[in-house]
Protein chains: 2
Amino acid sequence: METRRADSIATQIEEMIFAGGYSDGDRLDEVRLAEQFGVSRTPIREAFQRLSLTGLVELIPRRGTFVRQPGPVELLEMFEVMAELEAACGRFAAVRITDQAIENLRDANAKCQMAVDAGDADGYYNENERFHLIIYKQSGNAFLEQEAQRLHNRLKPFRRQQLRLRGRMSQSMAEHEAIVSALVNGDAETAANTLRGHVAVQGEKFQNLMAALRNAAE
Amino acid sequence: METRRADSIATQIEEMIFAGGYSDGDRLDEVRLAEQFGVSRTPIREAFQRLSLTGLVELIPRRGTFVRQPGPVELLEMFEVMAELEAACGRFAAVRITDQAIENLRDANAKCQMAVDAGDADGYYNENERFHLIIYKQSGNAFLEQEAQRLHNRLKPFRRQQLRLRGRMSQSMAEHEAIVSALVNGDAETAANTLRGHVAVQGEKFQNLMAALRNAAE
DNA sequence: AAATCAATTCTTGTATACAAAATGTTTGAC
DNA sequence: GTCAAACATTTTGTATACAAGAATTGATTT
């Protein structure tokens, strides 16, 4: 017997769900997954317990475990909360950020811009993520950072489908610049408000998200 | 065999930890708890998995599960996040709150005041909690409501020790009034800021919290 | 033919068994 | 007396076994 496998299994199942391998309401078959992972049911069930707390999966007693993909309403709610968490990170970061971190933000932004110019969607996506993770950390609040990262991660598959249009990319870049400015100036209120607006799902982004959801539902 | 016991066991262990039955670093003995609950190790271990996600317990592979009571720094971080979540709830509630909910807030406030006058700490505590839960719900965001409730619940045992002094109680009441006013006026910004300040741990509250922590550490 | 009930089959939940790692203890050497 | 190594014990992690609830299928009845 090796070391604890349940945690690694949990993240693997998580990734399978994120990757879109399952739709809402699908039942996760314990024995099938056990065979698939080459283990017994026990570690699979432990993984289910953990997944249930994140809301990714619903545990119905005596019935089984079913994947819970968020619907449009829940998804918008989650984005709303994400916007508020980012705003909070920005508010704290404005008065706590280090000079080094500002440099890192500028670097991420520069690489973002290069990716935009090169039409490199993946590159843009990665540097954009780095930008936001830096701000989480610079909140100087490890608990907030953790919560922000968790929700960010959960929304990842949905955000990915959003930032396709070139127009949004350059607008997003302008917002990044404004955010850095506010942080440099130590203007907590502006940093918070700019970040909130940057992350919020509204207007065009709303339409894209709904369209992506409709496609995923098929 | 009856229905799933793991969930009920998880909450029971959670309550035991909240109640202060364990200190930071204490190991949770699987076999002892199994005997205590009259079940086998399996449901206990499933409960541990769930508790680990809330951060209440740490699962160290091949070593065991240990209770993780937040230290001063983590606790302050959690209160900081709580303040931001409440601010977010207030921001949304300001534009979404129903007339009925405003009535309920005023009712909770009135009963709060009565409890203050009667020196009824428990009564004050309960109505104060109701006041805040109403605002969570009136955010009109079920996901945010859930997150706020979760953190609120986690901080419960620490908040309890805070609001002892009469001075704080009446100041807290004045803040409640200001919050209701902002919500009635639909002033999202004021509602958010007032709630943030109301929940934040600063000045006198900070000293009380530290003192309570020192006492609990003995 | 539709519906209902019973029996069979599946699946979950829990207990037990067993293997490997970690911990504690005894014994031996210096 | 102290340190270290080998052995014993404890404890975790996983597999398997078994019991009870849910689902399904088939037979019987109306």
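In what follows, chains are A, B, ... by sequence order, proteins preceding strands, each numbered from 1.
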Please state how far atom [atom1] in [X] lies from atom [atom2] in [N], giving the value in whole angstrom units.
| X | N | atom1 | atom2 | value |
| --- | --- | --- | --- | --- |
| B:Ile44 | C:dA15 | CD1 | P | 9 Å |
| B:Leu59 | D:dG13 | CG | P | 7 Å |
| A:Phe66 | C:dT11 | CZ | C1' | 11 Å |
| B:Glu30 | C:dA22 | CD | C1' | 14 Å |
| A:Phe48 | C:dT11 | CZ | C1' | 12 Å |
| B:Glu35 | D:dT11 | CD | P | 11 Å |
| B:Leu28 | D:dG13 | CG | P | 13 Å |
| A:Glu46 | D:dA15 | CD | P | 11 Å |

Distance in Å, B:Asn104 CG paired with B:Ile135 CD1, rounded so as to fall on 0.5 Å steps: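 Answer rounded to 0.5 Å: 11.5 Å.
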Rounded distance (nearest 0.5 Å) linking atom CG of A:Asp26 with atom CG of A:Leu28: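 Between atom CG of A:Asp26 and atom CG of A:Leu28 there are 7.5 Å.
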Tell me which nucleotide among [options] gets nearest to the side chain of [X].
| X | options | value |
| --- | --- | --- |
| B:Arg62 | C:dA20, C:dG13, D:dA23 | C:dA20 |
| A:Arg41 | C:dT16, C:dG13, D:dT11 | C:dG13 |
| A:Arg45 | D:dT14, D:dA15, C:dT14 | C:dT14 |

side-chain hydrogen bond (donor to acceptor under 3.5 Å, both in side chains) evaluation trace for A:Glu86 with A:His132: CA-CA 8 Å; A:Glu86 297 244 7; A:His132 286 276; 2.8 Å; yes
N or O in side chain of B:Arg63 less than 4.0 angstrom from C:dA21 OP1/OP2: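 B:Arg63 to C:dA21 OP1/OP2: no side-chain N or O under 4.0 Å.
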A:Thr42 side chain near D:dT14 phosphate (N/O to OP1/OP2, under 4.0 Å):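 For A:Thr42, the contact criterion (side-chain N or O under 4.0 Å from OP1 or OP2 of D:dT14) is not met.
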Sugar-phosphate only, base, or nothing, as touched by B:Arg27 at under 4.0 Å among non-hydrogen atoms: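 Sugar-phosphate contact only - B:Arg27 comes under 4.0 Å of backbone atoms but never of a base.
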Donor-acceptor under 3.5 Å (B:Gln49 side chain, A:Arg50 main chain):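 No, B:Gln49 side chain to A:Arg50 backbone: no donor-acceptor pair under 3.5 Å.
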Donor-acceptor contacts under 3.5 Å from residues 33-40 of chain A side chains, at least two apart:
| unit_1 | atom_1 | unit_2 | atom_2 | d |
| --- | --- | --- | --- | --- |
| A:Ser40 | OG | A:Thr42 | N | 3.3 |

